[in-house]
Amino acid sequence: MTSAPGTVVVRGGTVVDATGTRRADVLVADGVVAAVKEGLEVPAGATVLDAADCLVSPGLVDLHAHLRQPGAEEAECVETGSRAAALGGYTAVVAMPNTDPPIDSASVATEVLALGEAALCRVAVAGAITVGRAGTRLAPMAELAALGVRLFTDDGAGVQDAGVMRRALEYARGLGVTLGQHCEVDALAAGGHMHEGARSSRLGVPGIPAEAEELMVARDIALARMTGGRVHFLHLSTARSLAMVAAAKAEGLAVTAEVTPHHLTFTDERLTGYDALFKVNPPLRTDEDVAALRAGCAAGQVDAVATDHAPHPPEAKDAPLAEAPPGMLGLETALAATLAALGPAPGAGMRIEDVLALLSWRPAAVAGLDAAHGGDQGGPVAPGMAANLCVLDPALAWEVDPARLASRSRNTPWAGSKLTGRARHTILRGEPVVFDGAAQR
Ligand code: DOR
């Protein structure tokens with residue numbers, strides 16, 4: 001852990017957290033929130049962070065970031081990915097285990113956690129469910145859980161074998177951890193490069209049907225019911241997936257779900273020019289799906305907006321659609337993109353407080369990083385709580401210039417887009433790691 005820095009006053013903002021919204025200054029000392037009230041006196045020597053016109057929120061928490069280390073440092077590494085995260089307002093990310101080697105052992109998890117100690121946000125690690133993410137033998141989940149791993153996933157691929165998934169859920173239940181499923185039945189999805197539908201037919205591009213996702217969602221809901229294990233559904237992309245999860249929740253099953261900013265924004269129409277920048281798994285779907293995902297967020301059926309930040313180097317993404325890898329950047333644009341999709345009109349009409357819930361305290365709980373699980377993320381902004389905060393200006397207009405992103409890769413689908421809303425300051429354990437929109441190290 002970095003050493004506790006000095007005293008910081010966040011002045012003139014509106015504090016937003018799970019307990020509500022109020023105008024207040026925030027005094028931070030020794031890495032902890034010391035006071036929250038209007039008109040705080042600034043102690044001598046304190047650093048003042050201007051929060052005029054800003055919301056002061058618990059730092060954002062990303063359940064789904066590919067940091068690519070070890071093994072694909074040409075695309076991203078813990079340092080660059082965590083800097084992108086901090087600039088995006090995040091104080092914690094969960095690093096996905098589809099690295100090379102994958103995070104399927106205590107030694108690799110320890111390596112990534114150690115790299116995270118010096119990072120600009122907290123780096124939690126997701127462990128693989130199966131050895132090598134190959135879908136056959138269970139990874140040493142107990143050893144990984146002993147290191148603090150709370151989420152396990154073979155993301156990038158779904159666990160195809162129902163028997164393996166059943167056993168993994170039984171173990172997970174005993175360990176008190178959650179399994180994150182990348183829902184995709186290989187037998188239906190293999191060889192596809194975009195959503196299967198009228199557009200893919202017209203373009204002559206092999207498609208990935210909605211059913212590839214929905215069959216696995218249905219199966220894993222059945223397995224959650226059977227085992228009592230907790231399933232977190234990663235990056236859901238279809239209306240029917242979400243409807244099934246909503247029904248499972250209503251039944252009282254231990255299931256949670258995330259959606260991504262890109263699935264809340266774009267449709268398969270973006271593939272009309274065969275642009276691999278918009279190739280992603282699961283694929284961008286239809287207008288009806290986008291509308292259903294937005295409505296599901298507004299209705300409280302979705303637990304988190306997660307980035308699926310998936311950096312790929314330009315030479316890989318510049319390839320023809322069939323050869324390019326799936327994935328897009330997300331950490332630096334998620335806040336603005338999510339506000340546009342879900343926030344007050346023209347979005348889904350959600351209150352900004354409820355959008356922040358999906359970006360911060362609700363994912364913190366899913367990841368087991370919140371105070372209720374002994375963690376330091378997701379607030380509330382109250383005396384005695386860890387000072388992991390995001391000061392965001394919801395009205396700041398900016399243009400996405402891929403060359404100016406902190407990520408080592410450039411594959412943002414928002415390149416050249418004008419977005420509104422951005423982190424002004426990000427405070428990690430009391431240290432302003434982003435000040436006035438600039439990373440401090
Ligand atoms: O588009 C994607 N890219 N989806 C995934 O599930 C994996 C990710 C990656 O690792 O590039």
Side-chain angles (χ1 to χ4, degrees), residues 1-10 13 26 28 31 46-51 54-62 65-69 73-95 112 114-124 261 307 309-311 313 329-338 359-360 376-377 386-394 396-412 414-415 419-441:
M1 294 282 149
T2 39
S3 62
T7 305
V8 174
V9 175
V10 182
V26 180
V28 171
T47 303
V48 176
L49 303 185
D50 175 31
C54 286
L55 299 174
V56 183
S57 164
L60 310 188
V61 175
D62 189 17
H66 297 275
L67 301 183
R68 303 293 191 223
Q69 196 171 6
E73 289 84 351
E74 72 283 5
E76 197 74 285
C77 64
V78 171
E79 186 194 340
T80 55
S82 70
R83 187 171 296 119
L87 285 163
Y90 289 91
T91 53
V93 301
V94 180
V112 178
L115 288 164
E117 291 288 304
L120 264 70
C121 68
R122 177 166 176 188
V123 177
T307 67
H309 178 82
L329 300 184
L331 286 166
E332 289 172 81
T333 48
L335 172 61
T338 306
L359 288 164
S360 174
D376 60 359
Q377 301 291 324
N388 292 308
L389 303 170
C390 167
V391 180
L392 63 105
D393 181 348
L396 184 82
W398 60 291
E399 186 170 327
V400 182
D401 176 357
R404 296 185 60 190
L405 296 176
S407 172
R408 202 167 264 175
S409 292
R410 298 281 168 261
N411 54 309
T412 171
W414 278 279
L419 297 178
T420 306
R422 200 165 184 180
R424 185 183 290 178
H425 316 293
T426 305
I427 302 169
L428 177 69
R429 303 181 200 105
E431 177 193 356
V433 290
V434 171
F435 179 78
D436 249 340
Q440 298 302 291
R441 53 186 171 91

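If you read the sequence from its start, that first residue is 1, and numbering goes on from there. A quick note: this is a predicted structure, and the numbers were derived from the prediction, not measured. All values below come from the heavy atoms of this structure, side chains included, with hydrogens, waters and symmetry mates left out.
In terms of modelled atom types and a separation under 3.5 Å, the side chain of R83 and the main chain of A439 share no donor-acceptor contact. R422 contributes no side-chain N or O that, together with a main-chain N or O of G437, makes up a donor-acceptor pair within less than 3.5 Å. No side-chain donor-acceptor contact under 3.5 Å links S57 to the backbone of C390. A donor-acceptor contact shorter than 3.5 Å is absent between the side chain of E76 and the backbone of E74. For the pair T7 (side chain) and A46 (backbone), a donor-acceptor distance under 3.5 Å is absent. Under a 3.5 Å cut-off, the side chain of N388 and the backbone N or O of L428 do not form any donor-acceptor pair. Between the side chain of T426 and the backbone N or O of A86 there is at least one donor-acceptor pair closer than 3.5 Å.
Each of T91, T307, L359 was scored for a side-chain contact (heavy atoms from CB on, under 4.5 Å) with L60, with one residue passing: L359.
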Query raised in the report: Going through the checks in order, is the side chain to side chain contact (heavy atoms under 4.5 Å, CB included) test met by I427 and L49?
Result: CA-CA 10 Å; I427 302 169; L49 303 185; 3.6 Å; yes
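Closest heavy-atom contact between A119 and R441: O-NH2, 3.9 Å. Minimum interatomic distance between A336 and W398 (heavy atoms only, all atoms of both residues): CB-NE1, 4.0 Å. Nearest heavy atom pair, residue S360 against residue G59, reads OG-O, 2.8 Å. Between N411 and A310 the shortest heavy-atom distance is ND2-O, 3.0 Å. Among all heavy-atom pairs drawn from S82 and C121, the shortest one is CB-SG, 3.8 Å. In terms of heavy atoms, A51 sits closest to V56 at CB-CG2, 4.1 Å.
The line from CD of E79 to CG of L67 is 12.0 Å long, rounded to the nearest 0.5 Å. T80 OG1 to L405 CG: the interatomic distance, rounded to the nearest 0.5 Å, is 11.5 Å. Here D393 contributes atom CG and T420 contributes atom OG1; the two are 10.0 Å apart, rounded to the nearest 0.5 Å. With values rounded to the nearest 0.5 angstrom, R404 atom CZ is found 11.5 Å from R410 atom CZ.
Counting heavy atoms from C-beta outward, Q69 and V112 have side chains that stay 4.5 Å or more apart. When side chains are defined from C-beta on, Y90 does not count as touching V434, because their heavy atoms never get closer than 4.5 Å. With a 4.5 Å cut-off on side-chain heavy atoms, L392 and C54 do not count as touching. Between D50 and R424 there is a side-chain heavy-atom pair separated by less than 4.5 Å. Residues L329 and H309 meet the side-chain proximity criterion, which asks for heavy atoms closer than 4.5 Å. A 4.5 Å side-chain heavy-atom check between E332 and S407 finds at least one atom pair inside the cut-off. Inter-residue side-chain proximity for L389 and V28 is flagged as met; some heavy-atom pair is nearer than 4.5 Å. Side-chain contact between Q377 and P58: absent, with no pair of heavy atoms (C-beta onward) separated by less than 4.5 Å.
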